[in-house]
Amino acid sequence: MNTERHIASAFDRDLEGVQALVVKMGGLVEAALSDAAMALEMRDEALAERVRAQDTAIDALEAQVNDECLRLIATRAPAATDLRVVLTVMKIAASLERCGDYAKNLAKRSLVLNKMHSVEGATGSIRRMARQVGLLLKDALDAFIHRDVELAASVRQQDRDVDQMYTALFREFLTHMMEDPRNISACMHLHFIAKNIERVGDHATTIAEQVIFLATGQLPSEPRPKADSVNMGEV
Amino acid sequence: MSVIEMKLEREVTADTIKIEARKVQVHYGQNHALKDVDVDILAKTVTAFIGPSGCGKSTFLRCLNRMNDTVASAKVTGSILLDGADIYDPRVDPVQLRAKVGMVFQKPNPFPKSIYDNVAYGPKIHGLTRSKAELDEVVESCLRKAALWNEVKDRLQSPGTGLSGGQQQRLCIARAIATSPEVLLMDEPCSALDPIATAQVEELIDELRSQFSVVIVTHSMQQAARVSQRTAFFHLGNLVEYGETGTIFTNPKDPRTESYITGRIG
Ligand SMILES: Nc1ncnc2c1ncn2[C@@H]1O[C@H](COP(=O)(O)OP(=O)(O)OP(=O)(O)O)[C@@H](O)[C@H]1O
Ligand SMILES: [Mg+2]
């Protein structure tokens with residue numbers, strides 16, 4: 001990593017500014033995810049509504065990141081690490097925007113689920129999974145802030161745990177549905193929620209890979225470990 | 001992941017070495033201006049030399065056609081082969097060499113002659129044309145390629161020194177290509193040109209590379225990135241890094257290269 005300053009100090013300020021926006025976005029997304037999971041478990045409709053409303057702030061930040069990056073490319077013609085910062089920031093912002101949407105979707109479904117009778121233990125498991133993924137996202141963003149390739153690599157490894165949590169939940173919901181068909185509706189919603197949280201984990205992995213690209217100039221070459229394949233034969 | 005094989009434009013069409021420089025050193029009296037430069041200039045390729053002012057770009061460029069012979073204090077050592085033959089061999093006639101390895105200087109230096117004669121001079125003395133009509137044709141096509149024709153076609157007999165700085169520079173480009181050199185050395189050819197003329201000269205450079213090697217010294221990172229397929233970064237008389245242009249500008253290996261191309265204090 002090049003820690004020297006640019007001769008044009010405004011260039012440094014522009015680059016730092018756009019990275020600060022992404023970090024801010026990350027904070028909002030982490031909060032949205034944990035709040036949405038909390039709202040689901042606690043049947044807290046007001047909190048769910050707040051998460052839905054907050055998503056526009058995340059979207060606006062992504063638009064701002066893109067605008068700033070366009071300006072940077074047009075006016076500063078960034079090269080080497082600077083260019084990678086710009087590209088990485090745009091990709092991370094796109095990932096975070098998707099994660100924000102998943103959190104919003106979770107909040108929406110929690111409002112629907114509140115009108116149904118609860119599926120035993122499910123919302124607690126969802127919240128644990130959301131917490132795990134939230135930590136992954138936080139690590140990925142910390143790795144970005146500190147250009148920490150090792151931390152980024154560990155995010156890629158840990159995503160496997162999330163995949164396993166998803167597979168376990170999938171089986172749990174299947175069991176509930178087979179036990180009592182009145183659970184089907186709620187379990188379908190819960191399953192989408194679990195799948196979306198698993199997707200957030202994938203985005204955390206994408207962000208971690210971008211960090212590796214940013215720091216080294218190359219995307220990681222070895223494929224990341226996979227454990228998310230729900231065995232369709234067993235279903 | 002399967003990658004579809006594509007022929008990218010930045011690829012060089014030949015990997016034939018046109019100029020092979022080894023352990024080139026230049027001293028100007030006590031000043032050790034160039035230190036052990038090794039580089040292979042490829043045929044049919046545009047090579048950009050970049051680096052901070054005073055790092056030795058012009059000095060090295062001048063070695064490639066023995067222009068340093070004319071600098072009394074300059075001492076050049078090492079070897080430079082053009083198509084495998086040593087250009088510093090005593091049997092080589094520097095004037096013949098410079099017809100093959102043409103040059104456009106950092107400062108425009110038209111002859112104190114008419115615009116027409118500036119371009120016609122080289123083909124005339126090297127006997128490259130057989131008739132006045134043929135010579136006229138060469139002059140026109142070179143002035144067109146240098147993006148100057150429209151501005152001077154009605155005053156070909158007026159003195160070249162009466163043109164504006166940017167026009168003089170384009171006249172020198174026309175003069176340099178008039179002998180159809182195999183290698184064209186250009187020392188900041190666009191520093192005095194407006195963006196349109198710059199784009200036209202860059203287009204010319206791209207055209208020339210289908211047949212020739214072009215080596216261009218430029219202080220514009222964007223220009224180096226746009227026109228060249230190979231880039232060499234010089235720093236304090238050393239060739240620090242030499243490689244494929246895209247790689248140099250996206251992922252340079254040496255921190256000094258990175259500092260320079262990203263505009264940091266090196
Ligand atoms: N004719 C000369 N006589 C003595 N010293 C010279 C001569 N030409 C160049 N030098 C010295 O050699 C070094 C390299 O100069 P050179 O002109 O090659 O730099 P450059 O990279 O082309 O710089 P610029 O980008 O400013 O044109 C400098 O220290 C310069 O002072
Ligand atoms: Mg120079």
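In what follows, chains are A, B, ... by sequence order, proteins preceding strands, each numbered from 1.
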Would you tabulate the side-chain donor-acceptor contacts of residues 103-110 of chain B under 3.5 Å, counting partners in other chains and residues two or more places apart, or write 'none'?
unit_1, atom_1, unit_2, atom_2, d
B:Gln106, OE1, B:Ser58, OG, 3.3
B:Gln106, NE2, B:Glu188, OE2, 2.7
B:Asn109, OD1, B:Arg175, NH2, 3.1

In Å, rounded to the nearest 0.5 Å, how long is the span from OG of B:Ser259 to NE2 of A:His6? 9.0 Å
Closest non-hydrogen atom pair between A:Ala79 and B:Thr262, with its separation: O-CG2, 3.4 Å
What's the separation between atom CZ in B:Arg264 and atom CG in A:Asp12, rounded to the nearest 0.5 Å? 6.5 Å
Within a reach of under 6.0 Å around NZ of A:Lys138, are more than 12 heavy atoms found that belong to other residues, nucleotides or ligands? no
Looking at OG1 of B:Thr250 and CG of A:Asp82, how far apart are the two atoms once the value is rounded to the nearest 0.5 Å? 12.5 Å
Is the number of heavy atoms from other residues, nucleotides or ligands under 6.0 Å of B:Lys145 NZ greater than 12? no
In this structure, CZ of A:Arg84 is separated from CG of B:Asn251 (nearest 0.5 Å) by 4.5 Å
Could you go through residues 89-97 of chain A and list every donor-acceptor pair under 3.5 Å that involves a side-chain atom there, pairing it with any protein atom two or more places apart or in another chain?
unit_1, atom_1, unit_2, atom_2, d
A:Ser95, OG, A:His203, ND1, 3.1

Counting only heavy atoms not in B:Ile196 (residues, nucleotides, ligands), do more than 12 fall under 6.0 Å from its CD1? no
